[in-house]
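Data first, discussion second: the structure below is written as structure tokens.
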Amino acid sequence: MYSKLQYISQGETTEKQLYNIHQALDAGCNWVQMRFKNQTQKDAFTLAEAVKPLCEKYIANFIVNDDLHLTKEIDADGVHLGLTDTKIEEARAFLGTSKVIGGTANTFEDIENHVKNGCDYIGLGPFRFTATKKKLSPILGLSGYFDILQKLKKNKIEIPVYAIGGITLRDVSPLMETGIHGIAVSGIITESEEKENLIQQLNEKLYANIIV
Ligand SMILES: Cc1ncc(COP(=O)(O)OP(=O)(O)O)c(N)n1
Ligand SMILES: Cc1ncsc1CCOP(=O)(O)O
Ligand SMILES: [Mg+2]
């Protein structure tokens, strides 16, 4: 089963991205999505080439945002695709069954389609406004998650759902109560001055109801 915490990287340069990813791994993240927007293919490749062995060293999953070809070229663990990116069924045909494919959703119908098309997990959002991403879909809020997760249960649709968008520590427990599997966060980890402590607290809340 996938970890309940996914770190989405930030940084305007290759160096800053690598620094942020290294810091997140060092502080205990074991799932990284490399999100490096508006870059040349060369820079994205250079970064991915450095992130891959780093994630291997920390025994962390490494997925790439948007770029199917880079995912294959670098042999990353998978890719995350949005509603306007390559279609999930095309990605599955291209990458095969061994790679993780995550898909963005904003509605119950988006999730239904993704499941039919062979998606492995869902990034459902945005939870609230965030400056990390431009052109946000409609904000869901807690009630949006509650309604969608209830509908999934009613329709016996089972797929790990990650909440995303402006999530802070105090949002985690109420979000988990809606039935989501975990969270995908960028800002709170990147900007934290006490990353190890924050990640520990996030994980305590994310895994609070797991009996070992
Ligand atoms: C886990 C997760 N969920 C949603 C997104 C958003 O993807 P997308 O809508 O394609 O937006 P960009 O991240 O590409 O700007 C995500 N990246 N990760
Ligand atoms: C990539 C993405 N997609 C929807 S919200 C978002 C940004 C998540 O980052 P943050 O945790 O900083 O709001
Ligand atoms: Mg995208």
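Since we're looking at a predicted model, the values are computed, not measured. In listed order, ligands and their atoms are each counted from 1.
Close contacts of ligand 2 with V185, meaning ligand atoms under 4.0 Å from a residue heavy atom, involve 11 (O). Close contacts of ligand 1 with R35, meaning ligand atoms under 4.0 Å from a residue heavy atom, involve 12 (P), 13 (O), 15 (O). Near Q6, meaning under 4.0 Å from one of its heavy atoms, ligand 1 places the atoms 1 (C). Atom numbering of ligand 2 starts at 1 in the shown order; those under 4.0 Å from a heavy atom of G187 are 10 (P), 11 (O), 12 (O). Remark: ligand 1 atoms within the under-4.0 Å shell around heavy atoms of I164 are 2 (C), 3 (N), 4 (C), 5 (C), 16 (C), 18 (N). If you number the atoms of ligand 1 from 1 as listed, the ones under 4.0 Å from a heavy atom of I8 come out as 18 (N). Residue-ligand proximity, T130 to ligand 2, at heavy-atom distances under 4.0 Å covers atoms 5 (S), 10 (P), 12 (O), 13 (O). Taking every heavy atom of D66 and a limit of under 4.0 angstrom, the matching atoms of ligand 1 come to 10 (O), 14 (O). Taking every heavy atom of A184 and a limit of under 4.0 angstrom, the matching atoms of ligand 1 come to 1 (C). Interface atoms of ligand 1 facing G82, defined by a heavy-atom separation under 4.0 Å, are 8 (P), 9 (O), 10 (O).
Atom CG in D85 sits 4.0 Å away from atom CG in D66 (nearest 0.5 Å). Rounded to the nearest 0.5 Å, atoms OG1 (T71) and CG (L81) are 7.5 Å apart. Rounded to the nearest 0.5 Å, atoms CG (L18) and CZ (F36) are 10.0 Å apart. With rounding to the nearest 0.5 Å, the separation of CD1 in I199 from CD1 in I189 is 4.5 Å.
For D85, the N, O or S atom closest to the Mg ion (ligand 3) goes by the atom name OD2. Of all N/O/S atoms in D66, OD1 sits nearest the Mg ion (ligand 3).
When the options I180, T178, V161, L124 are evaluated for a side chain to side chain contact (heavy atoms under 4.5 Å, CB included) with I148, the one that passes is L124. Tested against M34 for a side chain to side chain contact (heavy atoms under 4.5 Å, CB included), the candidates I63, L70, V79, N65 yield a single pass: L70.
Nearest protein neighbour of atom 4 (C) of ligand 2, counting heavy atoms only, is K133 CD, 3.6 Å. In this structure, atom 11 (O) of ligand 1 lies nearest to the protein heavy atom K133 NZ, 3.0 Å. For atom 8 (C) of ligand 2, the nearest non-hydrogen atom of the protein is I164 CG1, 3.8 Å. From the protein, the heavy atom lying nearest to atom 11 (O) of ligand 2 is S186 N, 3.0 Å. In terms of protein heavy-atom proximity, atom 10 (P) of ligand 2 is closest to T132 OG1, 3.4 Å. In terms of protein heavy atoms, atom 6 (C) of ligand 1 is closest to T104 OG1, 3.2 Å. Here the protein heavy atom with the shortest distance to atom 1 (C) of ligand 2 is R35 NE, 3.6 Å. The closest protein non-hydrogen atom to atom 18 (N) of ligand 1 is Q33 NE2, 3.0 Å.
Side-chain contact annotation: D43 with T46, donor-acceptor N/O pair under 3.5 Å absent.
Considering all non-hydrogen atoms of both residues, I157 and E112 come closest at CD1-CG, 3.7 Å.
Looking at D85 against ligand 1, only its side chain comes within 4.0 Å, counting heavy atoms.
Using cut-offs of 30° and 60° for the angle between ring planes, the Y121 and H80 rings count as tilted. Using bins of under 30°, 30° to 60° and over 60° for the plane-to-plane angle, the ring pair Y2/W31 lands in the tilted bin.
Ion pair K99/D75 flagged as a salt bridge, since at least one NZ, NE, NH1 or NH2 atom sits closer than 4.0 Å to an Asp/Glu carboxylate oxygen. Looking at D26 and K195, no side-chain N of the basic residue comes within less than 4.0 Å of a carboxylate O on the acidic one, giving no salt bridge. A salt bridge does not link D171 to K205: none of the charged nitrogens lies less than 4.0 Å from a carboxylate oxygen.
Residue contact check for ligand 2: G125 places no non-hydrogen atom closer than 4.0 Å to it.
The shortest N/O to N/O separation between G166 and ligand 2 falls below 3.5 Å.
For atom 14 (O) of ligand 1, the choice among K135, H80, K37 with the nearest heavy atom turns out to be K37.
Residues V185 and L5 form a side-chain contact, since some pair of their non-hydrogen atoms from C-beta on lies under 4.5 Å apart.
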